[in-house]
Amino acid sequence: MTILQTIIIAIVEGLTEFLPVSSTGHMLIAENLLGVENSAFVRAFTVIIQFGAILSVVVLYWNRFFRLDHTPAPAGSTSWQKIKHKWYFYWLLLVAFIPTGVIGFVVKKSGMIDFMLTPENAIWIVPVMLVIGGVFMLFCDRIFNKGSENNKITERRAFNIGLIQCFSMIPGTSRSMATIVGGMSQKLTRRRAAEFSFFLAVPTMAAATGLDLLELFIGDHAVGTSWATSDNIMMLVVGSVVAFIVALLAMKWFVDFLAKYGFKWFGVYRIIVGAFILIWMLSGHSMVMFE
């Protein structure tokens with residue numbers, strides 16, 4: 001993978017990470033178009049630079065992400081209840097992360113995720129899921145747009161959002177779409193659901209990145225070779241920085257657009273892109289344009 005390919009893929013990641021269009025799917029498409037080789041490092045790169053984009057949440061929502069509840073706990077609270085009251089925001093993130101963490105670990109270890117991410121499988125799975133998700137998004141505003149600003153994120157709602165986030169393990173589904181729709185299904189407004197989706201992305205992608213880095217080191221030790229070359233490290237750093245900057249610029253626009261217009265136009269976009277790729281592939285063409 002060249003530095004130019006690294007920058008292009010990172011820009012795609014930063015633009016699509018918080019949009020309900022599947023950043024992983026778009027990166028896989030970009031990698032195919034650019035003729036990027038399929039390797040353990042490239043697959044890990046796809047996940048690791050996503051965490052670079054996710055860090056933009058911490059910067060943009062600094063005051064809201066690093067917060068404790070210093071109001072008095074309800075009278076008669078136990079010591080645990082007082083602790084949970086103070087750290088309630090992070091407790092909700094943990095509750096929402098648990099389903100994804102447990103199920104994701106099992107699916108990852110089963111080899112299913114790596115199987116779906118191989119180019120020969122992903123190039124079909126991604127466009128199919130783009131179209132299916134796009135059709136769903138044309139109607140989800142009518143189905144779930146019953147949220148109220150008075151509805152708060154409870155432990156039960158957080159856990160249900162985390163369960164729905166598990167669908168995003170399928171390439172082309174979109175973690176952003178899954179969690180925002182999950183929030184809307186729990187009677188949250190689009191804006192509140194989107195912001196909780198951003199916050200939940202931090203522990204989710206931190207865990208995914210950590211697991212991929214661990215597997216890189218373990219795999220490296222097992223085969224007795226080194227992936228940690230200066231070129232690879234530079235690509236990880238450059239990709240993460242570019243994804244971070246682009247995501248920071250794109251995120252606020254997305255929240256305002258989603259709150260005003262909903263999912264419809266994202267659904268239309270997904271259907272067009274997914275259908276084009278399927279027709280292109282079924283007509284016998286290759287997705288590789290640059291080698």
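Start at 1 with the first residue, then count along the sequence.
Here OH of Y88 is found 4.5 Å from CD of E155. Values are rounded to the nearest 0.5 Å. Taken to the nearest 0.5 Å, the CZ atom of F196 stands 9.0 Å off from the OG1 atom of T179. To the nearest 0.5 angstrom, I164 atom CD1 is 10.5 Å from T100 atom OG1. Taking OG1 from T46 and CG from L28, the interatomic distance works out to 6.0 Å, rounded to the nearest 0.5 Å. Once rounded to the nearest 0.5 Å, the distance linking NE2 of H85 with OG1 of T78 reads 12.5 Å. The structure places CD1 of I29 at 12.0 Å from CD1 of I9, a figure rounded to the nearest 0.5 Å.
The salt bridge (charged side-chain N to carboxylate O under 4.0 Å, His left out) test applied to K82 returns no partner, not counting sequence neighbours. In terms of the side chain to side chain donor-acceptor pair (under 3.5 Å) criterion, residue partners of R191 (sequence neighbours excluded) are, by chain and number, D256. In this structure H26 satisfies the ring-ring contact (aromatic ring centres under 6.0 Å, His included) test together with Y269, sequence neighbours excluded. F18 meets the ring-ring contact (aromatic ring centres under 6.0 Å, His included) test with F198; sequence neighbours excluded. Residues forming a ring-ring contact (aromatic ring centres under 6.0 Å, His included) with F139 (at least two apart in sequence, or on another chain): none. Applying the side chain to side chain donor-acceptor pair (under 3.5 Å) test to T204 and every residue at least two apart in sequence or in another chain returns Q165. Here V202 pairs with I54, V57, V58, F65 under the side chain to side chain contact (heavy atoms under 4.5 Å, CB included) rule; sequence neighbours left out. When the side chain to side chain donor-acceptor pair (under 3.5 Å) test is applied to T154, no partner is found at least two apart in sequence or on another chain. In terms of the ring-ring contact (aromatic ring centres under 6.0 Å, His included) criterion, F105 has no residue partners (sequence neighbours excluded). Every residue two or more places apart in sequence or in another chain that forms a side chain to side chain donor-acceptor pair (under 3.5 Å) with S283 is listed here: H285.
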Determine, step by step, whether V181 and M137 satisfy the side chain to side chain contact (heavy atoms under 4.5 Å, CB included) criterion, reporting the C-alpha distance in whole Å, the side-chain angles of both residues, the deciding distance to 0.1 Å, and the verdict. CA-CA 9 Å; V181 171; M137 289 167 65; 5.7 Å; no
Could you give me the CA-CA distance, side-chain angles and deciding distance for I48 and F45, then say whether side chain to side chain contact (heavy atoms under 4.5 Å, CB included) is met? CA-CA 5 Å; I48 292 170; F45 172 86; 5.8 Å; no
Determine, stepwise, if the pair K187 / R157 fulfils side chain to side chain contact (heavy atoms under 4.5 Å, CB included). CA-CA 9 Å; K187 311 298 184 184; R157 284 172 171 157; 4.0 Å; yes
Applying side chain to side chain contact (heavy atoms under 4.5 Å, CB included), run through M116 and M129 and close with a yes or a no. CA-CA 12 Å; M116 291 188 291; M129 293 309 299; over 6 Å; no
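Two residues are said to be in side-chain contact when any heavy atoms from C-beta on lie closer than 4.5 Å; L34 and M1 fail this criterion. A 4.5 Å side-chain heavy-atom check between M184 and D141 finds at least one atom pair inside the cut-off. Using a 4.5 Å cut-off on side-chain heavy atoms (C-beta onward), M169 and M112 make no contact. Between I277 and W124, the closest side-chain pair of non-hydrogen atoms is not below 4.5 Å.
No continuous path of ILVMFWY side-chain contacts below 4.5 Å connects I49 to V242, so the two sit in separate hydrophobic clusters. When the side chains of ILVMFWY residues are joined at heavy-atom separations under 4.5 Å, either directly or via intervening members, I132 and I279 end up in two distinct hydrophobic clusters. Hydrophobic clustering places Y90 together with L55 (ILVMFWY residues linked when any side-chain heavy atoms are closer than 4.5 Å, directly or through intermediates). Taking hydrophobic clusters as Ile, Leu, Val, Met, Phe, Trp and Tyr residues chained together by side-chain heavy-atom distances below 4.5 Å, I8 does not share a cluster with I3. Linking ILVMFWY residues whenever their side-chain heavy atoms come closer than 4.5 Å, directly or via other members, places W91 and W87 in the same cluster.
Residue pairs meeting the ring-ring contact (aromatic ring centres under 6.0 Å, His included) criterion with at least one partner in residues 237-258, sequence neighbours excluded, are W253-F257, F254-F266, F257-Y261, F257-F266. Under the salt bridge (charged side-chain N to carboxylate O under 4.0 Å, His left out) criterion, the residue pairs touching residues 111-137 are K108-D114, with sequence neighbours excluded.
Contact detail for L117 and P171: the closest heavy-atom pair is CD2-CG, 3.8 Å. Shown here for M251 and S56, the closest heavy-atom pair between the two residues is CE-OG, 3.1 Å. In plain terms, the two heavy atoms of V21 and L130 that are nearest each other are O-CD2, 3.3 Å. Scanning all heavy atoms of the two residues, the minimum distance from P20 to R270 falls at O-NH1, 2.9 Å. Smallest separation of non-hydrogen atoms from A194 and I180: CA-CG1, 3.7 Å. Nearest heavy atom pair, residue C166 against residue I103, reads SG-CD1, 3.7 Å.
Remark: the backbone N or O of L258 is paired with a side-chain donor or acceptor of R190 at under 3.5 angstrom. Judged purely by atom type and a 3.5 angstrom limit, S23 has no side-chain atom pairing as donor or acceptor with the backbone of E17. Distance alone, capped at 3.5 Å, is enough to place a donor-acceptor pair between the R192 side chain and the N151 backbone. Without hydrogens or angle criteria, R175 side chain to S197 main chain gives a donor-acceptor distance under 3.5 Å.
The 12-atom threshold is not exceeded at NZ of K264, counting heavy atoms of other residues, nucleotides or ligands nearer than 6.0 Å.
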